[in-house]
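To start, the structure under review is shown below, and the notes come after it.
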Amino acid sequence: MLWGGIIVAAQVTDACQTAIPLSARHRGASALVITWEALLIDSQMEWEDIYSARIDEDTVVKRRHKLMKLRLEADTQWIQNGLPFRKNLFALAESDATAYFRNTYKMGMFE
């Protein structure tokens with residue numbers, strides 16, 4: 001009888017996790033982060049080609065559009081309703097990106 005109750009409780013808990021929006025958002029966000037990491041690796045390779053002037057301007061535009069499309073596809077696949085926008089986190093990310101470009105490539109992001 002005890003084991004039956006434990007099994008039922010585990011099944012109910014598992015079923016509730018898929019129905020709770022926060023849990024679904026967490027799973028989607030986790031999958032999205034993995035996809036974004038792959039896109040960031042591709043973006044880094046693209047940027048290195050751009051920075052070293054190994055590709056022309058038309059190719060840069062085409063590759064940028066491709067990365068934008070891949071990001072949109074990942075966003076819509078994993079987070080259908082979007083994530084809340086937080087200005088403070090966006091400002092922090094922008095500051096980190098500027099520092100990264102300044103330190104890595106000896107330039108500011110918007111110079």
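Residue numbers start at 1 and run along the sequence shown.
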Inset, instruction - For the residue pair Phe85 and Phe90, categorise the inter-ring angle as parallel (less than 30°), tilted (30 to 60°) or perpendicular (more than 60°). - result: tilted

Legend entry - Mutual orientation of the aromatic rings belonging to Tyr51 and Tyr105 [parallel < 30°, tilted 30-60°, perpendicular > 60°]: tilted

To the nearest 0.5 Å, tell me how far [X] [atom1] sits from [Y] [atom2].
{"X": "Leu89", "Y": "Glu94", "atom1": "CG", "atom2": "CD", "value": "12.5 Å"}
{"X": "Thr98", "Y": "Asn103", "atom1": "OG1", "atom2": "CG", "value": "10.5 Å"}
{"X": "Gln77", "Y": "Leu32", "atom1": "CD", "atom2": "CG", "value": "9.0 Å"}

Inset, instruction - Looking only at non-hydrogen atoms, find the nearest pair between Arg54 and Asp49 and report the distance. - result: NH2-OD1, 2.8 Å

Legend entry - Side chain Thr76, main chain Glu73, donor-acceptor under 3.5 Å: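 It does hold such a pair.
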
Inset, instruction - Check whether any side-chain heavy atom of Arg64 lies under 4.5 Å from a side-chain heavy atom of Leu67, and answer yes or no. - result: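 SC-SC contact between Arg64 and Leu67 ruled out.
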
Inset, instruction - Answer whether the closest heavy-atom distance between the side chains of Lys66 and Lys62 falls below 4.5 Å. - result: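 Sidechains of Lys62 and Lys66: no contact.
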
Legend entry - Gln44, CD: over 12 other non-hydrogen atoms inside 6.0 angstrom: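 Yes, enclosed.
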
Inset, instruction - Flag yes if more than 12 heavy atoms outside Arg86 fall under 6.0 Å of its CZ atom; otherwise flag no. - result: no

Inset, instruction - Please say which of Val61, Asp56, Ile55 ends up in a side chain to side chain contact (heavy atoms under 4.5 Å, CB included) with Asp58. - result: Asp56

Inset, instruction - Output every pair passing salt bridge (charged side-chain N to carboxylate O under 4.0 Å, His left out) with a member in residues 33-47, not counting sequence neighbours, ordered by first then second residue. - result: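 Sorted pair list: Glu46-Arg63.
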
Legend entry - Cluster check Trp47, Val60: I/L/V/M/F/W/Y, side chain < 4.5 angstrom: yes

